[in-house]
Each structure stands twice: as C-alpha cells, then as structure tokens.
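Letters go in sequence order (proteins before strands), and every chain restarts at 1.
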Number of protein chains: 2
Amino acid sequence: MSTSTASLVFSGKGPVASATADRVRAAAGALAYAGPDPLASSLRQGRVGTVAVVVEGPLRYAFHDPFALAVLDGLAEELDAAGRSMLLVAQPLDDPERAVAQLATQAVDAAVFPLCGHRDNPLVGHLRARGIPLVAGGAPLHPDVAHVLTDESAAMALVTRHVVDLGHSRIAHLTMPLRPSSVTGWVTDEDVREAVYPDAAGRVAGFRSIAGDDAPIVQAHDLTVEAGDAAARLLLDRPAGDRPTAVVAQADLLAAGVVRAAESLSIRVPEDLTVTGFDGVEIPWLDHVLTTVVQPGAEKGRRMGRLVRRAIEGRPVGDEPFEVRLSVGTTSAPPPCAPPLSAPRGPVAATET
Amino acid sequence: MSTSTASLVFSGKGPVASATADRVRAAAGALAYAGPDPLASSLRQGRVGTVAVVVEGPLRYAFHDPFALAVLDGLAEELDAAGRSMLLVAQPLDDPERAVAQLATQAVDAAVFPLCGHRDNPLVGHLRARGIPLVAGGAPLHPDVAHVLTDESAAMALVTRHVVDLGHSRIAHLTMPLRPSSVTGWVTDEDVREAVYPDAAGRVAGFRSIAGDDAPIVQAHDLTVEAGDAAARLLLDRPAGDRPTAVVAQADLLAAGVVRAAESLSIRVPEDLTVTGFDGVEIPWLDHVLTTVVQPGAEKGRRMGRLVRRAIEGRPVGDEPFEVRLSVGTTSAPPPCAPPLSAPRGPVAATET
DNA sequence: CGATTCGATCGAATCGATTCGACCCGACGC
DNA sequence: GCGTCGGGTCGAATCGATTCGATCGAATCG
C-alpha cells in the first residue's frame with residue numbers, strides 16, 4: 001500500500017477498490033493515524049481554508065456594538081457555509097504594526113475588515129504583497145480592497161433631511177470618534193478635515209450637506225451609550241432657548257445615550273427634542289423606537305462573506321453598493337412650538353424647563 | 001546566495017554578515033518576496049501559532065452574554081500576549097460533527113472550550129487523536145482536558161444559603177438550559193438527571209443542597225433577559241401566597257429578566273421578592289445592584305490562556321480551581337412579614353398584592 | 001609559524017501530503 | 001487472437017522553508 005493510494009482514500013478522490021480502501025483504513029486505525037496533516041495538505045494545495053477577520057481595537061469594543069455583532073454574525077454564517085474558518089485578529093489602536101507581525105506568520109486565504117476602521121492600514125500593504133484578497137465594509141480605503149459600501153454621506157443626509165422637513169432648524173450632530181484617541185467634546189473643522197475614520201467623516205459630510213456647515217457637532221470618545229450620554233450633555237445641559245431641538249447621532253447606541261441624557265435632564269423626547277440614530281439595531285431597554293437609518297448588519301456581513309468566496313475562487317471582485325433606508329420611529333417630531341408644516345416659520349420660542 | 005542564508009536573515013537567527021543580509025534583503029525586494037511562507041514554515045517547525053476557540057451554538061448567542069464576552073476578552077488578551085491567534089469555531093448545536101469536519105482541515109496548536117457546553121463533545125476525541133492539547137472552563141468533561149474550574153455547586157450553595165439566612169423558605173430556582181433544545185418551563189427530576197450541560201446541572205445541585213429537593217425549578221430556554229423574563233412569569237404570575245419570596249437564578253441575565261417580570265407584575269424587589277444572579281456582570285440599564293456570585297470572567301479567560309501557553313510549551317497541565325465570591329446587592333432582603341432574624345420563624349403570611 | 005577556533009556560508013535532508021504520469025492487467029470489441 | 005480501453009495502483013516530483021553538519025577562510029593563540 002503506497003502513500004499515494006492512502007491519500008486517494010482519505011480525500012475520496014481517485015478510483016480505489018473498496019477492498020484496498022478497507023485495508024488502508026484498517027492500517028490507519030492500527031497506526032493511530034488521525035487523517036492527513038492539515039499543514040502539509042494546505043502547503044501542497046495552496047489554500048488553508050482560513051479567512052482573517054480584522055477588528056481594530058480590542059475585541060471587547062467591537063462586541064459591545066450590536067451592529068458590529070450582526071455584521072460578524074452574517075460574515076461567520078457565510079464563511080461557515082463555504083467551509084472556511086475565521087481567524088480573529090485584534091489590531092491594537094496604538095500599535096497597528098503588531099497585527100502585521102502577527103498575520104505575517106499566519107496562513108490565510110483572504111482577509112476581511114468588516115467594521116469601521118482607519119483610512120489607511122499597514123495590513124493592506126503586507127497582505128497585498130502576499131497576494132491575499134482583501135474585503136472590507138468601509139475602511140480601509142484602498143483600490144485593491146473590495147468594499148461592500150454604504151453611502152454614508154447620502155444615508156446621513158437622508159435622515160437629516162427628515163429632521164429638517166419636520167421643521168427643525170437648530171440641529172446638532174453627534175459623531176463617532178473621528179480618530180483613534182478622540183475625546184468627548186466639540187468638533188472643529190480641522191478635526192473633520194483630519195479625520196482618519198472615513199465612515200464617521202462621511203456621515204459628518206452628509207449631515208453638513210443638509211444642516212449646513214455651521215451646525216454644532218460634538219464627538220463621542222467611544223461607540224457606547226455612556227459616551228453618547230456624556231457628549232449629549234454638552235449639547236443639552238443648558239437653557240432651552242440655547243439648546244438644539246434635534247440631535248442627529250451617527251449610531252443608535254449614541255442616540256440611546258442622547259435619549260438617556262435627555263431623560264435625566266427632564267427633556268422630553270420627542271416633544272422637546274428629536275433624536276435620530278443610525279444602524280437600526282435592537283436596544284431592548286429603550287422605551288422608544290428610534291428614528292434611524294436601517295442598515296441590516298447581518299446582510300452586510302453576508303455580502304462581505306460572498307465577496308470573500310468569490311475572491312478566493314479567483315473570480316474578479318469590486319466594490320458593491322449597500323442600500324440602507326430611513327425608518328421613522330417615535331423619537332422624531334416637529335420642534336416645540338413649531339408652526340404648522342405648511343405655514344412660514346416663526347422664531348423658535350424658549351419656554352421649556 | 002543560498003536559501004539557507006536567506007532563511008537565517010529573515011528569522012534573524014544565525015550569524016550573518018551585515019553585507020550579506022543587505023544583499024538578501026535587496027534581492028527580496030527585487031523579487032517582491034514578502035517573507036517566508038507561513039505554511040511551509042509551520043510545517044517544518046511543527047507549530048502554527050493558532051489556537052482554536054470553540055463556541056457551542058451560534059456566535060451571536062455567545063456574544064449576547066456579557067460574561068462570555070469577558071471570558072473571551074481575557075482569553076484573547078493572554079493569547080495575544082503569547083503571539084498566538086484565535087481561530088473562532090462555532091459548533092452548531094444540532095450538528096456538532098460539522099465542527100469536527102471543519103477543524104480536521106485546520107492546523108492548530110491547541111484548542112479551548114471557554115464557555116458552558118455539552119458534557120461530551122465529539123471534538124475532544126478528534127483533537128486528542130491528533131495530540132492537540134485541550135483546555136476548558138467547565139465542559140466538556142474529559143480527563144484529557146485541563147479545566148479552569150468553578151465549583152458551580154458550592155458557589156450556588158453559597159448564594160442560596162444567603163437567601164435562606166435572610167429568612168426565606170419559599171425559594172424557587174431559575175436554571176439555564178439543561179440541554180441543547182430545552183424549552184422554557186418547569187424542570188422535573190428526570191430533566192436534572194439527564195442534563196448534558198454540567199455547569200447548569202452543578203448549579204442545580206448546589207441550589208438543592210440548601211433549598212431541598214422539593215423547591216420548584218424552572219428553566220429558561222436561553223441565556224437571555226427575555227428568556228429569564230418568560231420563565232419568571234411561571235413563578236410570579238399568581239397570587240402572592242402561592243408565589244416564592246425568592247428566586248435564585250443561575251445567571252445575572254436571567255435574574256435581570258426576573259426583575260423585569262416582577263416590575264411588570266407590580267411585585268417590588270427586594271421588598272416582595274428577593275432575586276439573585278450569578279456571574280457578576282454589568283447590566284447598566286438595571287436600576288438595582290444584583291445580589292450575585294461574582295465570577296471574574298476576564299480573569300477566568302486569562303487563566304485559560306495561561307493554561308494554553310503552558311500546554312503548548314509541553315509543560316504538564318491539569319485542572320485548576322477558580323474562586324468566586326458572594327456579592328450582596330440591593331435585590332435581596334428578608335421576605336415580606338418575616339419575623340426578626342433571631343426569633344423562631346412563624347408561618348409565612350400571604351398578605352401581598 | 002602551525003594549530004585551533006570562530007564566523008560566515010552553503011548542501012542536502014526533512015516536514016507530510018498531493019498529484020501527474022506511468023504501469024499493469026482484465027475485459028471488451030473487432 | 002490482437003489491440004484498446006480503463007480501472008486500480010504506485011513512483012517520484014513538488015509545495016517552501018528550516019536546520020544540521022560540512023566547508024572554507026581569517027583571525028587568534030601558543
């Protein structure tokens with residue numbers, strides 16, 4: 001019995017007499033042989049069945065965001081169906097090169113950047129040099145990366161337009177971090193110009209395209225309810241006349257933080273304050289239905305998974321648009337003391353607590 | 001220039017003249033060589049730098065539980081520090097063999113079962129046959145697996161004892177699923193005997209050791225707030241006299257569900273109902289501090305990570321105990337109309353709403 | 001000045017499977 | 001009866017790096 005024949009038996013490929021197959025299996029049992037070594041097999045065949053999934057920042061972070069979870073779930077589903085495993089790689093914000101060193105020793109068939117991330121990523125250069133296909137939803141921006149792309153700017157313009165149409169004129173924006181070490185606070189034009197997270201920057205642009213360049217913008221230092229709460233207080237903890245009547249947030253988690261801040265400041269939503277989000281995730285403890293841009297995360301993940309499959313099979317891949325839609329909930333309403341929609345607008349009264 | 005020398009340059013091992021090293025690097029640049037092929041390198045060296053992390057059930061599930069997240073985070077931290085990557089493997093509940101087929105084609109240095117799982121797992125047999133070291137926190141139970149082991153029974157006895165000491169005598173238990181396809185409902189002795197999730201079974205045993213074998217037990221079909229809420233209604237949606245004065249839950253998420261159910265039934269916590277949990281996770285939206293057994297998840301994950309490192313280095317590993325402690329919060333109090341603690345107990349009055 | 005040692009480089013074996021082409025032999029067709 | 005076809009099996013090359021031992025020259029030591 002030769003190794004060639006044994007190989008045919010285990011892979012189930014070639015024509016093998018059933019008697020021989022049995023003899024091979026018997027011998028395997030006797031030698032405690034647990035099947036072909038995956039390493040040697042992969043080396044010969046040129047593929048490993050593994051896809052790197054890169055998460056920028058600690059895993060903990062990504063896993064706190066239900067949208068990210070949905071994306072990963074959809075991605076996992078599709079990769080699983082294709083019989084490929086996920087190699088989870090966390091890329092430290094303060095030392096992105098670490099991930100390069102780590103991945104340099106790992107064999108993968110493809111790499112995915114499923115979540116928001118840095119515009120440039122040193123991993124792209126390394127992986128491209130190795131000829132590994134790259135897929136992303138958003139960042140990193142690079143011609144060699146195939147994207148499942150939400151038009152962030154248009155999507156944010158959509159929801160901002162909704163708020164304007166309700167009659168609001170004092171509208172503020174709450175953005176996700178624009179760069180790795182952002183702190184909660186007001187955002188300057190320079191901050192926007194030098195943003196390195198394209199998703200956040202795109203959404204700011206979309207907001208401004210409708211609300212104007214003078215509308216106030218604050219930034220949360222993190223994509224969490226707490227950070228949204230803290231940032232919202234900058235906007236809301238002041239007399240009613242000096243306060244926006246609407247806050248357009250870049251994420252549902254941030255919007256939930258705004259709602260919470262408003263509650264603790266005795267500002268009613270939506271009567272006194274309109275709040276909108278982005279993503280369309282479930283926030284079970286929230287007593288409102290957020291007005292938001294619904295971006296089906298699981299579907300986005302699956303789309304990336306399909307792109308990965310195509311790329312691994314050697315078929316050509318390119319950017320694909322990803323559609324989103326506005327969902328009007330119970331957190332948006334006309335501003336307090338607003339004139340009827342069809343009438344000309346009067347000055348905004350300041351009669352709140 | 002020979003390949004041997006080039007290898008020495010890239011691995012940085014052998015003594016190489018700096019002039020030669022430069023020539024090698026120059027040649028590498030000219031040939032667009034991106035460093036040694038990880039596959040070939042691993043084949044020769046016998047290790048791949050990858051650790052399989054097995055999650056039973058869909059990833060979505062595990063990621064909804066803050067405790068599981070903490071464990072994975074601690075594990076990731078430790079593996080990362082050791083320069084190893086995580087291969088995330090989801091094992092379908094309805095077809096565990098799928099994961100065997102998947103892992104059979106993957107090269108890994110070790111495998112971890114970080115979360116609650118099935119008593120027996122076909123992966124154990126396969127991985128042991130390949131000589132891959134195995135680490136777990138809890139299930140699967142197998143002599144060849146090194147565990148970081150919480151004494152579930154003792155821990156649950158601890159918190160149950162606390163409830164008894166407060167004066168409660170009508171105590172119910174809310175368990176996690178005892179087997180893959182459990183449904184929300186009452187638990188029979190047979191259910192307990194035939195449980196396949198050892199963590200849940202161990203906790204039931206601990207509860208019974210203090211509360212007695214006749215104390216009512218319900219089971220949530222899932223480890224979520226919603227499932228806890230649904231299961232709790234079986235216990236709480238009835239006249240006060242016919243209702244337990246305390247619910248000892250097997251997880252904080254379930255306990256949060258109990259609190260929610262109580263709220264919606266106008267049962268006050270802790271005045272009318274004591275609720276206890278398990279794990280000690282943050283539930284930000286909950287207005288109470290749960291009385292619970294604190295089990296530091298991140299630390300448990302790190303402990304498993306360290307066990308993995310030791311095992312990969314070939315050092316001997318065995319089971320290790322993992323300590324937990326009782327934390328008394330604001331959800332436990334003496335039962336309504338309880339006699340003073342030092343006085344002999346009278347019959348429990350049934351005078352609540 | 002000869003012997004030893006050390007630094008630098010190279011050859012060749014090795015890790016374990018896959019796969020192409022060759023080979024053998026029984027069956028079938030003409 | 002001879003040629004052909006094809007199922008079944010095997011040899012040997014290949015994937016790409018690592019590493020042990022050998023080789024060679026120069027420097028050091030006695």
Item to check | Watson-Crick and G-U pairing of DNA chain D, under 3.5 Å, as dot-bracket with | and [ ] | outcome: ||||||||||||||||||||||||||||||
Checklist entry - Which one of Glu77(A), Glu320(A), Glu313(A), Glu299(A) satisfies the salt bridge (Lys or Arg N to Asp or Glu O under 4.0 Å) criterion with Arg306(A)? => result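 Only one option passes, and that is Glu299(A).
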Would you tabulate the side-chain donor-acceptor contacts of residues 49-59 of chain A under 3.5 Å, counting partners in other chains and residues two or more places apart, or write 'none'?
| from | atom 1 | to | atom 2 | distance (Å) |
| --- | --- | --- | --- | --- |
| Thr50(A) | OG1 | Gln106(B) | OE1 | 3.3 |
| Thr50(A) | OG1 | Gln106(B) | NE2 | 2.8 |
| Glu56(A) | OE1 | His118(A) | N | 2.9 |
| Glu56(A) | OE2 | His118(A) | N | 3.3 |
| Glu56(A) | OE2 | Asn121(A) | ND2 | 3.4 |

Item to check | Partner set under salt bridge (charged side-chain N to carboxylate O under 4.0 Å, His left out) for Arg25(A), not counting sequence neighbours | outcome: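 Asp22(A).
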Item to check | With Arg119(A) via salt bridge (charged side-chain N to carboxylate O under 4.0 Å, His left out) - residues at least two apart | outcome: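 For Arg119(A) there are no salt bridge (charged side-chain N to carboxylate O under 4.0 Å, His left out) partners, ignoring immediate neighbours.
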Checklist entry - With sequence neighbours left out, which residue pairs that include part of residues 131-150 of chain B fulfil the salt bridge (charged side-chain N to carboxylate O under 4.0 Å, His left out) condition? => result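 Sorted pair list: Arg128(B)-Asp144(B).
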Next on the checklist: Quick check against the 3.5 Å criterion: does Ser42(A) have a side-chain atom that pairs as donor or acceptor with the backbone of Pro38(A)?
Outcome noted: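 Yes.
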Next on the checklist: Tell me if a side-chain donor or acceptor on Arg309(B) pairs with a main-chain N or O of Leu79(B) at a distance below 3.5 Å.
Outcome noted: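 No; zero donor-acceptor contacts below 3.5 Å.
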Kindly list each side-chain donor-acceptor pair under 3.5 angstrom involving residues 62-75 of chain A, sequence neighbours excluded, with atom names and distances?
| from | atom 1 | to | atom 2 | distance (Å) |
| --- | --- | --- | --- | --- |
| Asp65(A) | OD1 | Phe67(A) | N | 3.0 |
| Asp73(A) | OD1 | Arg60(B) | N | 3.2 |
| Asp73(A) | OD2 | Arg60(B) | NH1 | 2.4 |

Which atom pairs link the protein and nucleotides 24-27 of chain C when you take only N or O atoms and keep those under 3.5 Å?
none

Checklist entry - Among residues 33-48 of chain B, which contact DNA chain C at a heavy-atom distance under 4.0 Å? => result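 Residues of residues 33-48 of chain B that come under 4.0 Å of DNA chain C are, in numerical order, Leu43(B), Arg44(B).
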Checklist entry - Sequence neighbours excluded, which residues qualify as ring-ring contact (aromatic ring centres under 6.0 Å, His included) partners of Tyr61(B)? => result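 Tyr61(B) satisfies ring-ring contact (aromatic ring centres under 6.0 Å, His included) with no residue once adjacent residues are dropped.
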Next on the checklist: Suppose we screen for ring-ring contact (aromatic ring centres under 6.0 Å, His included). Which residues come up paired with Tyr197(A), at least two apart in sequence or across chains?
Outcome noted: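 Here no residue qualifies.
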Item to check | Worked verdict on Leu307(B) versus Val148(B) for side chain to side chain contact (heavy atoms under 4.5 Å, CB included) | outcome: CA-CA 8 Å; Leu307(B) 231 39; Val148(B) 175; 3.6 Å; yes
Next on the checklist: Which is more 5' along DNA chain C, the nucleotide nearest Thr3(A) or the one nearest Val16(B)? Just name the residue.
Outcome noted: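 Final value for this comparison: Val16(B).
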Checklist entry - Earliest and latest nucleotide of DNA chain D, 5' to 3', sitting under 4.0 Å from a non-hydrogen atom of chain B? => result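 From 5' to 3', the first and last contacting nucleotides are dG16(D) to dT19(D).
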Item to check | Pairing residues for Thr150(A) by the side-chain hydrogen bond (donor to acceptor under 3.5 Å, both in side chains) criterion, not counting sequence neighbours | outcome: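 In terms of side-chain hydrogen bond (donor to acceptor under 3.5 Å, both in side chains), with neighbours along the sequence ignored, Thr150(A) is linked to Gln295(A), Lys300(A).
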